[in-house]
Amino acid sequence: MGVPQSASQTVHDLLVIGGGVNGCGIARDAAGRGLSVALCEKDDLAQATSSASTKLFHGGLRYLEFLEVRLVREALIERERLLRAMPHISWPLRFVLPLHPDMRFESATPVSRALSLAMPWMKGRRPDWLIRLGLGLYDTLGGREILPGTRTVDLTQDPAGRPLKPRFRRAFEYSDCWVEDSRLVVLNARDAEARGAEVRTRTRVVSARVVDGRWEAQVEDAEGRRDTIRARLIVNATGPWAGRVLSGALGLESRDRIRLVRGSHIVTRRLFDHDRCYFFQGRDGRIIFAIPYETDFTLIGTTDVEHPDPSVPPVCTPEEQDYLCAFASEYFARPVTRDDIVWTYSGVRPLHDEGTESATAASRDYTLKLDASPGAPVLHVFGGKITTYRRLAESALEKIGPALGHASRPWTAGVPLPGGDFPVDGVGRRVDELRAAHPFLTDRWALRLVRAYGTEAREVLGGAREAADLGRNFGATLTESEVRWLMDREYARTADDVMWRRSKLGLRMDAEGAQALDRWMAEARGGADRPAASAALG
């Protein structure tokens, strides 16, 4: 996929800085409204926070304890809208919430404080009736239409009880949704480009200044080439780097502060053999999820730890690994240990700092600030969660439109992302059709392709009649044909882009396959300098 150079006199309506879910969502929405858009991302799309989430479209059940009803309602409404628009990369999940008398509220929540005053003898414990009341609100707040509601589960009889300690005898089961987070970002970028946006990855905004009432931004690509992008308005959607871009590249001052909170996850060998997830509540008031992951694994997370600086790469520390293992071991009959871990990942959430005492209590809501004081407007995006990215983009355009004198209507609700133009329950049919057209595919291989590319899976395979027609197999069913697609259509440049963001095949590929893939990709794009691929399970 080529990256055009801006003509010297071209003036875009918007320059979006940041290729995470918020930046790409805003670029897509704006391009679809007829605005001229350029987007710059200093690394790969979704390389930071947007590929390191717990990968859920959810309302945030625990946010009800903080009385963030508007945020939860908005997220619950979005959950089903997004499911309809991307049934290939998003699908329903059922969560099992085991009950026991040691469950506690996070002590800083409004609900915890109210309960301690009204029922001091509970000593911070969550009574079952209150949890059920919260789940009832969760079921109805967003006008649920597709997903089934809450039910009570007898863990002594239900398969969900078998992996758990015998003291867990009852549970509530409710619905939320999975999403392939980094693919979500790439598909938004692709759709933005299809609607006229200019998307530049591995392009850093070095500086920007206002000249004659518009922004002139100096940008530099990975090969050190510099260019100027002119725009009437800048969107600062750089997540953890929003404050640094604000004061550095843009040279502005603001009273807004960003709180960086690290969320770490561990991936273990598969811990249970059913397809439901677990919602575990701890003695410290925190919660974690245990989710079936990539067929053969279990994803456990997340932590909430203050992170010092966006330039410090986030890692799941040994202490966080121990915390997650110990937390899960309070529930699972077989203890979870570090020996079970096959991979870890960690991301930094950029939360709008409102002075809360704990990282857990900091709001996941988003804040948009439009600043016209530099002489040309700039919109700063603070906070947000993946479930509300589309609504955030709509809200951003509500602010941007008047600043640009551009009237337009929202359009993205329910509009499919690339490959998502089929019914929510249509994955099985797509797999059958793909296997019929390409009989050499196994069920598992075909399902992986449909889950990644949806209706575009047949284009990825081209006219292949046998596996050899797809070129070299790098391992884990990743072939030259698919890698070419990812390079030509999805901005991939390195093996890490392919193995860890366009897919999670790094979990199954060995170091030899990763190095062979990196060499092949370098040759395919002319041998440009690039970082070497990390070890498959590094």
Side-chain angles (χ1 to χ4, degrees), residues 48-49 51-56 58 60-63 65 93 95-100 102-107 126 160 163-165 167-168 171 176 178-179 181 260-274 276-308 312-349 351 358-362 364 385-386 500 504 506-507 537-538:
T49 304
S51 61
S53 74
T54 311
K55 308 180 195 312
L56 299 177
H58 66 139
L61 179 60
R62 73 181 183 87
Y63 303 150
E65 290 184 18
L93 294 175
F95 285 80
V96 176
L97 193 165
L99 303 169
H100 68 92
D102 292 332
M103 292 187 296
R104 292 288 194 276
F105 285 98
E106 209 279 331
S107 59
R126 287 180 173 99
L164 304 179
K165 292 178 177 178
R167 69 190 179 100
F168 300 106
D176 266 322
W178 178 263
V179 64
D181 52 5
L260 302 180
V261 177
R262 187 173 68 250
S264 294
H265 302 75
I266 58 175
V267 175
T268 69
R269 291 186 289 269
R270 189 170 179 171
L271 300 178
F272 45 91
D273 59 6
H274 58 79
R276 283 173 286 175
C277 315
Y278 291 102
F279 178 113
F280 293 153
Q281 303 180 83
R283 300 174 191 271
D284 59 357
R286 294 213 65 254
I287 65 101
I288 62 168
F289 299 106
I291 304 172
Y293 188 60
E294 296 291 320
T295 308
D296 299 318
F297 307 96
T298 300
L299 172 65
I300 298 174
T302 178
T303 60
D304 279 312
V305 180
E306 303 285 355
H307 193 73
V312 176
V315 296
C316 183
T317 65
E319 293 77 16
E320 287 174 290
Q321 294 177 43
D322 288 341
Y323 173 82
L324 292 171
C325 286
F327 200 143
S329 297
E330 286 285 313
Y331 285 83
F332 287 121
R334 187 183 73 79
V336 181
T337 70
R338 279 214 224 163
D339 290 338
D340 294 309
I341 299 174
V342 298
W343 182 50
T344 68
Y345 69 89
S346 187
V348 177
R349 304 183 192 97
L351 307 179
S358 72
T360 303
R364 270 56 177 172
K385 59 199 294 281
I386 196 166
W500 295 110
K504 289 297 180 287
L507 286 166
L537 297 179

Practice prompt. Would you please classify the geometry between the F280 ring and the Y331 ring as parallel, tilted or perpendicular, with 30° and 60° separating the classes?
Written response: parallel
Worksheet item: Mind checking what makes side chain to side chain donor-acceptor pair (under 3.5 Å) contact with Y345, not counting sequence neighbours?
Response: none
Worksheet item: Between the side chains of D181 and S51, does any donor sit under 3.5 Å from an acceptor?
Response: no
Item to complete: Quick one: list whatever passes side chain to side chain donor-acceptor pair (under 3.5 Å) with T302, sequence neighbours left out.
Response: R349
Worksheet item: Is there a donor-acceptor pair under 3.5 Å between the side chain of Y278 and the backbone N or O of I288?
Response: no
Response to the item:
Sequence neighbours excluded, the answer for ring-ring contact (aromatic ring centres under 6.0 Å, His included) partners of Y323 is F327
Worksheet item: Where the side chain of H307 meets the backbone of V312, is there a donor-acceptor pair that is under 3.5 Å apart?
Response: yes
Discussion item. Counting C-beta onward and ignoring hydrogens, is there a side-chain heavy-atom pair between V305 and V261 closer than 4.5 Å?
Written reply: no
Discussion item. For W343 versus I341, what's the shortest heavy-atom pair and its separation?
Written reply: O-CG2, 3.5 Å
Worksheet item: Taking side chain as C-beta onward, heavy atoms only, is R167 less than 4.5 Å from H100?
Response: yes
Discussion item. Could you check whether any side-chain heavy atom of H265 comes within less than 4.5 Å of a side-chain heavy atom of T344, counting everything from C-beta outward?
Written reply: no
Practice prompt. Mind listing the closest non-hydrogen atom pair of Q281 and I287 along with its distance?
Written response: CG-CG2, 4.0 Å
Item to complete: Indicate yes or no for a side-chain donor-acceptor contact from T54 to the backbone of L56 under 3.5 Å, with no hydrogens or angles considered.
Response: no
Worksheet item: Considering only heavy atoms from C-beta outward, does the side chain of D304 approach that of R286 to under 4.5 Å?
Response: yes
Discussion item. Does any part of the side chain of V342, heavy atoms only, come nearer than 4.5 Å to the side chain of I266, both counted from C-beta?
Written reply: no
Discussion item. Can you tell me how the ring of F289 sits relative to the ring of F279, calling it parallel under 30°, perpendicular over 60° and tilted otherwise?
Written reply: perpendicular
Worksheet item: What residues form a side chain to side chain donor-acceptor pair (under 3.5 Å) with S264, not counting sequence neighbours?
Response: E320, S346
Discussion item. Between T49 (side chain only) and V348 (backbone N and O only), is there a donor and an acceptor less than 3.5 Å apart?
Written reply: yes
Please tabulate, for side-chain N and O atoms in residues 290-301, each donor-acceptor pair with protein atoms closer than 3.5 Å (sequence neighbours left out).
{"from": "D296", "atom 1": "OD2", "to": "R444", "atom 2": "NH2", "distance (Å)": "2.4"}
{"from": "D296", "atom 1": "OD2", "to": "R508", "atom 2": "NH1", "distance (Å)": "2.7"}
{"from": "T298", "atom 1": "OG1", "to": "L271", "atom 2": "N", "distance (Å)": "3.0"}

Worksheet entry | Sidechain N-carboxylate O distance under 4.0 Å for R269, D339 | no
Response to the item:
Heavy-atom nearest pair, C277 first then L93, reads SG-CD1, 3.8 Å
Worksheet item: Looking only at atom types and distance, does a side-chain atom of E330 sit under 3.5 Å from a main-chain N or O of G282, one as donor and one as acceptor?
Response: no
Worksheet item: To the nearest 0.5 Å, what is the distance between CG (L351) and NZ (K385)?
Response: 11.5 Å
Worksheet item: Within a strict 4.5 Å, meaning less than it, do heavy atoms of the P318 and R338 side chains meet?
Response: yes
Worksheet item: With R270, which residues qualify under side chain to side chain donor-acceptor pair (under 3.5 Å), at least two apart?
Response: none
